[in-house]
Structures are given as C-alpha cells and as structure tokens.
Undergrad: 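Just passing along the structure, written as structure tokens.
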Number of protein chains: 2
Amino acid sequence: MICNKTSNQVACSACNLRELCMPVGLQSDELERIDGLVSTRRRLRRRETLFHNGEKFSALFAIRSGTFKTRVASEDGRDQVTGFQMAGEILGLDGIVSDQYSCDAVALEDAQVCVIPFDRVETLSREVPALQRHVHQIMSREIVRDHGVMLLLGSMRAEERLAVFLLNLLQRLHARGFSRSEVLLRMSREEIGSYLGLKLETVSRTLSKFMEDGILDVQQRQLRVLDEQALHRMVNS
Amino acid sequence: MICNKTSNQVACSACNLRELCMPVGLQSDELERIDGLVSTRRRLRRRETLFHNGEKFSALFAIRSGTFKTRVASEDGRDQVTGFQMAGEILGLDGIVSDQYSCDAVALEDAQVCVIPFDRVETLSREVPALQRHVHQIMSREIVRDHGVMLLLGSMRAEERLAVFLLNLLQRLHARGFSRSEVLLRMSREEIGSYLGLKLETVSRTLSKFMEDGILDVQQRQLRVLDEQALHRMVNS
DNA sequence: CGGCTGTTTGAGTGTACTCAATGAACGTGG
DNA sequence: CCACGTTCATTGAGTACACTCAAACAGCCG
C-alpha cells in the first residue's frame, strides 16, 4: 500500500495561493524548482500555537488557510500582539537572527500551514535568484509593515487606530477574494486592543461609536462597513 | 596623476567595525570576498538626509560613523521616528520590497556611510553562504527590534518607555566601546518623544523626574546614569 | 547683542484607563 | 435538548496619565 505523509501535498506550482504566497512573481520554470521548498503541511486547531518564543528555529511557515496572531511578551508578563496573519503570509521570520523564534504564533481558527525548512530556502535561493529576491522582499515588507504599526501606535488616537486596522484587514481580505465591506473578525476585542495599544473596553466603545455614526454595523464579531469613505477620512485628517 | 574616488577606502576586511557590521561572523577568506561590497563612501553633515521616502532604492548603507534617525510620515503630515541607528548598523532595508525607500534617514551629526549596492549583495550572497546568512540575520534582527518597539509603544507607560530607551542606547554604545553610564544624546527631546510615542514635554518632565529620583543626571543633552538598577527595575515591574 | 532653537516648568484639559456590573454567546455535560 | 458555567462584549462611573497651551529660560550662532 502506497501511502506517505506527502500524498495529499499540493506543489507550490499548483497551489491556489501561488499569486499571493512564496511563488509570487516567479516564472514557471522557477516555480517548479521551488516545489521542493515545502517539507510537510501542518494542521492546527483554534488556539493551538504554531511555534512559541524560545523554540528552536528551523522553518518558515506559509499560511494555507486560517488566521494567526503573533505576540511578544515582556519580562513582566504583559504581552503585545504584533500582527494578524492570513493565507499566503509567512510566519517565523523573527526566528532567523538568533536561531530561535522570538514570538508566539497562535491560530485564531483551525488552520493549515506549509512548513518550509529554512536551510532549503537558503540553498534554493542561491540557485534561483528570483526566489532570493522574493525572500528579501518578504522580509523587507515585514519591516515596512512594522514601521506602519509604529506610526499607528506612536501617533494615532483610538478612532484612527481602529479605522486603520479595519481598512487594512478588509483590504487584505479583498485581495483574497472576500468582500471589501464585510468580515467575520477572527480575533477578540482584547486581541484587537493589544495590537492597537488599547484596552478592550476602548475597542468596544469605539466600535459602538462607529455604529452610532452609521459607519459600521457590528454584531459581535460580524462586522460590516457602511461608509468606507468615513473610515478613510478618519485616517487622513 | 592617480587619484580616484576610492583612494581613501578601507576594505571591510580591514575596517575597525568588522566585528559589528556586515562582516560579522565571516571567516577571513569570506571576508576578503566581500571587500567588493562597498562601492563608495558618503559623508553627510548634520541634518542631511541619506535617503528619503519615495526615492529609488539601489543600495544599503552601513554606518561608519555618526548617528541617524529614520522616520516615516503619515499622509496627513504627522511623522514617527522609527529608530536611531549608529556605527555598524545597516540602513535602507525598507527599500527592498517596493524598490524605493519607504522612510527618511537623517544624520543627527556629521556622519559617514559605506554605500553597498544591493545587486552586489544579492550576487555575492549567492556565492558566499555566510554572507547570505548574515543578510538574513540583519533583516530578521530588524523585525525583532521592531516588535520590541511595538511592545513598548503598545503597553508601556512614559517612565518605562524612557527607561527602555536609555538602557538600549547605553547598551549599544557600550558595545561600541563607550561608557555604559554616560551619553551625549544626539537627538532632541522631540525626536525622542516621536520615537517613544510621547510629546516632547513629557520626555522632558520624565527626565526631570528621574533626576529628582537620583536615577539620572541630565544637563541638556549630556546624560549620566546614576542608578542603572533603578532603570532596570522600572522595566521589569 | 539679538534672534533662534531647544528645553523646562506650570496650569488646566481630555482621552483612554481602571474598576465594576450587566448582558450576550458559546460550549460542555447532564 | 436544556441548564449551566465560562468566556466575551457592552456600558457606566470615576480616575489618571499624558496632552495642550503657555510662558520663561538656556544655549548657540551669526
């Protein structure tokens, strides 16, 4: 009986995320060469951690499905959500520098990831310049994103932070084929608050205010944007 | 008459920053191979910008001397200092992803940088795995650093932020052979405030409070730490 | 010296926080 | 399937920290 771990694998070249994920921008011949990048898949249930702070680094993870949060902890127990990640995005870049992950990655819903051993990334990107370039871009993108979050945390008020957060979330979902105006939030008020540097009560109050103003319709975690322009105006004024 | 741009160049292999900068961890034979990385040097005067947001990306910059700040701007004019960089640190990583720099890098004092054309980095790191690894680590380090700043901005109070800032600054200066307790601040209160998500008055008041408490001695930009343990306690409690 | 930039300090305000109670949704087990 | 406990969300009341506005002061350079 032929049956192995990889029997249900989908090659990068055949993955429906190839326009979004590692293979972005690669030629078809290059695409085939990176099919060997993914060693295995891994399934996670809600609340399971993909890796945690201090764990030995060995691989990056490409999200196939589901949503994650990453968080860092301070010595005295406080923690900070550093991002929410969705299909096609890469987790684990923080682990490269010290050979151990420096944050926790937690699934916010049942999820599946592609395991990409980092030594394969290094080997292959020496041979495939387009992959090398792509890896550099992924890391650079993360740096630019982080700088945007710093701007948000350092200089914006609660309403602006939430507006930026929602617009960003919707834009990324839209890029994945979902509605531009409707979203089922995978994260709690507390997690949103942690990400935005606010307390959960402030997140809740601000959402309520947006509802009063006719900008949003929020029913628990089901959220609909009624006036996207109003959100944009919040950010640019 | 023989006289060219590179006459006063110092090779990476001979640079006194080699324990701190790009060549970190390379073997001597590898070291020689990366001597070609630096195309030129560039001198900057105080307040000069090394690159600015939107400018075409072509090179990374290794700081040889002097201190820089990087800042990002929001659409409505506010800006946020995203970091202060000193000798041996690398500027320009944000430019890789979109082929243009996404922030401004400004010299806080007269400075000198090594210009490292990025295509050379990519070419050479395909041939020298240790360099490839090093580039990945530099980018990963920046990501981890940014996450730390997010933790600071998202969850710490003014006194803690300033304590973290000072400890980090002193630790980096110490690694460069300077005093662990004394520093001439190269940045204004406003710049510190922008970095820490505080107003300049709050920075000033908090420094004054640290003086009253006997933790610091501050005379304008000349700062001396009298009680380093007290600063550490601020952070961990 | 005057003008300028940067810093300090004060007074009053406001935004987001803490503490607290209520209510809604969800999952588990009887 | 319903009852229960638990988690999560909302809303209120009062507070605190950092903000704004303002004035005075120090240091620096031409």
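This structure is a prediction, so every number in the text was calculated from the model and none was measured. Protein chains get the first letters and strands the later ones, always in sequence-line order, with residue 1 at the start of each.
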Undergrad: Which value, rounded to the nearest 0.5 Å, describes the distance between A:R42 atom CZ and A:L50 atom CG?
TA: 5.0 Å
Undergrad: Would you please say whether a donor-acceptor pair under 3.5 Å links the side chains of B:S181 and B:E228?
TA: no
Undergrad: Can you tell me how far NE2 of B:H147 sits from CE of A:M150, rounded to the nearest 0.5 angstrom?
TA: 10.5 Å
Undergrad: Working to the nearest 0.5 angstrom, can you tell me the gap between A:L162 CG and A:T202 OG1?
TA: 10.5 Å
Undergrad: Using a cut-off of strictly less than 4.0 Å, decide whether A:T202 has a side-chain nitrogen or oxygen near OP1 or OP2 of C:dC17.
TA: yes
Undergrad: Considering only C:dT7, C:dT15, C:dC17, which nucleotide approaches the side chain of A:K199 most closely?
TA: C:dC17
Undergrad: Please report the end-to-end axis angle for the helix from C:dC1-D:dG30 to C:dG30-D:dC1, five pairs per end, rounded to 10 degrees.
TA: 40°
Undergrad: Please state how far atom CG in B:L200 lies from atom P in C:dT9, giving the value in whole angstrom units.
TA: 13 Å
Undergrad: Take atom CG of A:L223 and atom C1' of D:dC8, then tell me their distance rounded to the nearest Å.
TA: 16 Å
Undergrad: Once you round it to whole Å, what is the distance between P of C:dT7 and CD of B:Q222?
TA: 14 Å
Undergrad: Just jot down the side chain to side chain donor-acceptor pair (under 3.5 Å) partners of A:E160, sequence neighbours excluded, or say none.
TA: B:R78
Undergrad: Please list, by residue number, the residues of residues 70-82 of chain B whose heavy atoms come closer than 4.0 Å to an atom of DNA chain C; answer none if no residue qualifies.
TA: none
Undergrad: May I ask you to say what A:G193 touches in the nucleic acid, namely base, sugar-phosphate or nothing, with a heavy-atom cut-off under 4.0 Å?
TA: nothing
Undergrad: Using a cut-off of 4.0 Å on non-hydrogen atoms, how would the nucleic acid contact of B:R221 be classed: base, sugar-phosphate, or nothing?
TA: sugar-phosphate
Undergrad: Are OP1 or OP2 of C:dT9 and a side-chain N or O of B:S208 less than 4.0 angstrom apart?
TA: yes
Undergrad: Treating primed atoms plus P, OP1 and OP2 as sugar-phosphate and everything else as base, which nucleotides of nucleotides 21-30 of chain D get B, S or - for protein heavy atoms under 4.0 Å?
TA: B---------
Undergrad: Please list, chain by chain and in numerical order, all residues satisfying ring-ring contact (aromatic ring centres under 6.0 Å, His included) with A:F61, sequence neighbours excluded.
TA: A:F51
Undergrad: Apply the test salt bridge (charged side-chain N to carboxylate O under 4.0 Å, His left out) to residues B:R145 and B:E89: give CA-CA distance (whole Å), side-chain angles for both, the deciding distance (0.1 Å), then the verdict.
TA: CA-CA 13 Å; B:R145 186 195 72 86; B:E89 298 179 328; over 6 Å; no
Undergrad: Do B:E109 and B:T67 get their side chains close enough for a donor-acceptor pair, meaning under 3.5 Å?
TA: yes
Undergrad: Separation of A:D217 atom CG from D:dA9 atom C1', in whole Å?
TA: 15 Å
Undergrad: Base, sugar-phosphate alone, or nothing: which one does A:S188 contact when heavy atoms must sit under 4.0 Å apart?
TA: sugar-phosphate
Undergrad: About how many Å separate CG of B:L151 and CD of A:E75, when rounded to the nearest 0.5 Å?
TA: 9.5 Å
Undergrad: Output the rounded distance in Å from CE (A:M187) to C1' (D:dA9).
TA: 16 Å
Undergrad: Taking side chain to side chain donor-acceptor pair (under 3.5 Å) as the cut-off, I'd like each qualifying pair that reaches into residues 45-59 of chain A, sequence neighbours left out, listed once.
TA: A:H52-A:E55, A:K56-A:D99
Undergrad: Just how far, in rounded Å, is C1' of C:dA16 from CZ of A:R157?
TA: 11 Å
Undergrad: Just to be sure I understand the rule, does A:L198 reach a base, reach only the sugar-phosphate, or reach nothing, if contact means heavy atoms closer than 4.0 Å?
TA: sugar-phosphate
Undergrad: Where each residue is assigned the nucleotide of DNA chain D containing its nearest heavy atom, which of A:E190 and B:G197 is assigned the position nearer the 5′ end?
TA: A:E190
Undergrad: Write down the distance between NZ (B:K209) and P (C:dG10), rounded to a whole number of angstrom.
TA: 15 Å
Undergrad: Measure from CD on B:E159 to C1' on D:dC17 and round the result to the nearest Å.
TA: 10 Å
Undergrad: Quick check, are the ring centers of B:F57 and B:F118 under 6.0 angstrom apart?
TA: yes
Undergrad: Any donor-acceptor pair under 3.5 Å linking the side-chain atoms of A:T206 with those of A:E159?
TA: no
Undergrad: Just call it for B:R46: base, sugar-phosphate, or nothing, with non-hydrogen atoms closer than 4.0 Å on any strand.
TA: nothing
